[in-house]
Number of protein chains: 2
Amino acid sequence: MSNNHFRRGELYSVINGMASIAVARRLQKNFRAAGLEITIEQWSVLYHLWKEDGLSQQELCNRTFRDKPSITRLIDNLEKQKLVKRVASPTDRRINLVQLTDAALELQHITIDLANQTMNEALEGVEKHEIETVKSVFQRVYDNLMGIAETTVDDRR
Amino acid sequence: MSNNHFRRGELYSVINGMASIAVARRLQKNFRAAGLEITIEQWSVLYHLWKEDGLSQQELCNRTFRDKPSITRLIDNLEKQKLVKRVASPTDRRINLVQLTDAALELQHITIDLANQTMNEALEGVEKHEIETVKSVFQRVYDNLMGIAETTVDDRR
DNA sequence: GACATATAGTTAGTTATGCAACTAATTTCA
DNA sequence: TGAAATTAGTTGCATAACTAACTATATGTC
C-alpha cells in the first residue's frame, strides 16, 4: 500500500462532490434550454449507441457502468420517447438489441455540441496538463477499485 | 473564454463517470460490510452535523448542495432510524433545527475511518501533487459554474 | 395595522439507482 | 440427452434526485 494513509476521507467529497453535481446540473440545464427533453442519463445511453448501434442491454450495462435494472428502465423511457426500439436478436432469443430511431440520430450533433460547450464553461481557465492529470488520477482510481477480483458492476447475482 | 474549445464534451464522463461511481459504490459497500445501515447520502448529512450540530434544514441544503425536498426526505429517513431529531427553533417557528442523537454520535469515528480507508484504497499509488491538482481543478470548475449570477442550488422558486 | 413579499419546510409526480428475486433461454457436462 | 448452471432481461422495493406547487411563518413597506 502507499505511504500516505491519513485523513484522505474528506477527498471523497472532492471526487464525488459539488463540482460533479454542478457539471451534471449545468449540462441538464443546457439541454433544457435548447428544448431537449432528454435526461443526461438517457443521453449517456444514446452516446454509446451513436458510437455503435444495436448493442444488447447487457453490453449497454458494461459500457455505461450501470446495472441491468437501470438499463431496463432507461430503455423503457427511451422507447416511450421513441428514441430507441428493442429488436429481438436473430441468434439468441434472450437478447434485445437496442436500435436508434431517426429521431435519436438527429439528436447526436446538437447534444454533443452542448456537451462540448458545457465542458468549456466548466473548464474555463483550466490548463491542458491539469486536465490530463485529472484523467490519469481518475483512471487510476477506477483501476484501483475495479481491478482484480473485486466486485464487478454486472452479474453479481 | 479560453483557447481550447474542442471536443471537451467527452470530459463530462471523466468528471462525472466511472471513477466517481466506483468510489461511491465502494464506500457504500464498506459501510455495509461494517454492518452500518446508512447510505452515503445520509452520511454526508451527518458529516455536516458532526461538524456543527443543530443546523436548520436550509443550512443543510447549502452545505450539502442539495435542494429542500431532498433534505426533507433525508431528514425523514434519518429520523426514522433515530439518528437525528427535528427540534423547533425557539426564535423562528418556521425553522427546524436538526439535532444528532447519541446513536449518531457513535457513528462518527467508525464512518470517518471507513471513508479514510476507502479513499486510501481508491488513491493507492496517486501522488500528493496529483491530488492537489484534482482539488484545484474541481474548485475551479465549481467556481466557473456556480459563480456570479448563475443558478444557485436553493431558492430557485 | 395591513397587504405584499420573502423564507422555511412539506407534498406530489417523474426519473434514476441499487439490491433481491424472478422468468425465460442457452450452455455445460455428466 | 437431460439436469444443473449460466446468461439476458424484467419486476418489486427502498432511497434519492429535481421540478412544481403548496402551507405556514416572518419581514418590509405603505
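Side-chain atoms are counted along with the backbone in the values below, which use heavy atoms only and exclude waters and symmetry mates. Proteins get letters first, then strands, A, B, ... in listed order; numbering begins at 1 in each.
- Each end of the helix from C/dG1-D/dC30 to C/dA30-D/dT1 gets its own axis from five base pairs, and the two axes differ in direction by 10°, given to 10 degrees.
- With a 4.5 Å cut-off on side-chain heavy atoms, A/Glu121 and A/Asn30 count as touching.
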For the pair B/Arg63 and B/Glu52, evaluate salt bridge (Lys or Arg N to Asp or Glu O under 4.0 Å) and give the outcome as yes or no after the intermediate values. CA-CA 11 Å; B/Arg63 300 196 189 188; B/Glu52 185 176 350; 3.0 Å; yes
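- Here the C1' atom of nucleotide D/dA16 and the NZ atom of B/Lys68 are 18 Å apart, to the nearest Å.
- Per the geometry, CG belonging to A/Leu60 stands 9 Å off P belonging to D/dG9, to the nearest Å.
- In this structure, B/Ile131 and A/Val137 have side chains that are not in contact, with every pair of non-hydrogen atoms separated by 4.5 Å or more.
- Straight-line distance from the CZ atom of B/Arg25 to the C1' atom of C/dT17: 9 Å, rounded to whole Å.
- Residue A/Ile40 contributes atom CD1, which lies 10 Å from atom P of C/dA16 at whole-angstrom precision.
- Whole-Å rounding puts the B/Glu59 CD to C/dG9 P distance at 10 Å.
- Atom C1' of nucleotide C/dT7 and atom CD1 of B/Ile95 are separated by 8 Å, given to the nearest angstrom.
- Each of B/Arg73, B/Lys80, B/Glu79 was checked for a side-chain hydrogen bond (donor to acceptor under 3.5 Å, both in side chains) with B/Asn77, and the lone residue meeting it is B/Lys80.
- No donor-acceptor contact under 3.5 angstrom links the side chains of B/Gln117 and B/Asp113, judged on distance only.
- Note on A/Lys82 versus A/Asp102: no salt bridge recorded, every NZ/NE/NH1/NH2 to OD/OE distance being 4.0 Å or above.
- A close approach under 4.0 Å does occur between a side-chain nitrogen or oxygen of B/Gln57 and OP1 or OP2 of C/dT10.
- Atom P of nucleotide D/dC18 and atom CD of A/Glu37 are separated by 18 Å, given to the nearest angstrom.
- Between B/Phe65 and B/Tyr142, the distance from one ring center to the other falls under 6.0 angstrom.
- Annotation: side chain of B/Gln108 is not in contact with side chain of B/Leu46 (no heavy-atom distance under 4.5 Å).
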For nucleotides 24-29 of chain C, list the nitrogen or oxygen atoms of the protein found under 3.5 Å from its nitrogen or oxygen atoms, one pair per line.
| residue | atom | partner | partner atom | Å |
| --- | --- | --- | --- | --- |
| C/dT26 | OP1 | A/Arg93 | N | 3.0 |

Pairs under 3.5 angstrom, nitrogen or oxygen only, protein versus nucleotides 12-15 of chain C, please.
| residue | atom | partner | partner atom | Å |
| --- | --- | --- | --- | --- |
| C/dA12 | N7 | B/Arg73 | NH2 | 2.8 |
| C/dA12 | N6 | B/Arg73 | NH1 | 3.4 |

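- Contact between the side-chain N/O atoms of B/Ser70 and the OP1/OP2 oxygens of D/dC18 is found at a separation under 4.0 Å.
- Of the side-chain N and O atoms in A/Arg86, none sit less than 4.0 angstrom from OP1 or OP2 of D/dG9.
- At a threshold of 4.5 Å between non-hydrogen side-chain atoms, the residues A/Trp43 and A/Leu27 count as touching.
- With salt bridges taken as basic N to acidic carboxylate O contacts below 4.0 Å, none links B/Arg66 and B/Glu41.
- Atom CD1 of A/Ile71 and atom P of D/dA8 are 14 Å apart (whole Å).
- OP1 or OP2 of D/dA8 has at least one side-chain nitrogen or oxygen of A/Gln58 nearer than 4.0 Å.
- For D/dG9, neither phosphate oxygen OP1 nor OP2 lies less than 4.0 angstrom from any side-chain nitrogen or oxygen of A/Thr72.
- Comparing C/dA16, D/dA17, C/dC19 by their nearest atom to the side chain of A/Arg66 picks out C/dA16.
- The CG atom of B/Leu55 lies 9.0 Å from the NE2 atom of B/His48; values are rounded to the nearest 0.5 Å.
- In this structure, CD1 on A/Ile75 lies 9.0 Å from CG on A/Asn96, to the nearest 0.5 angstrom.
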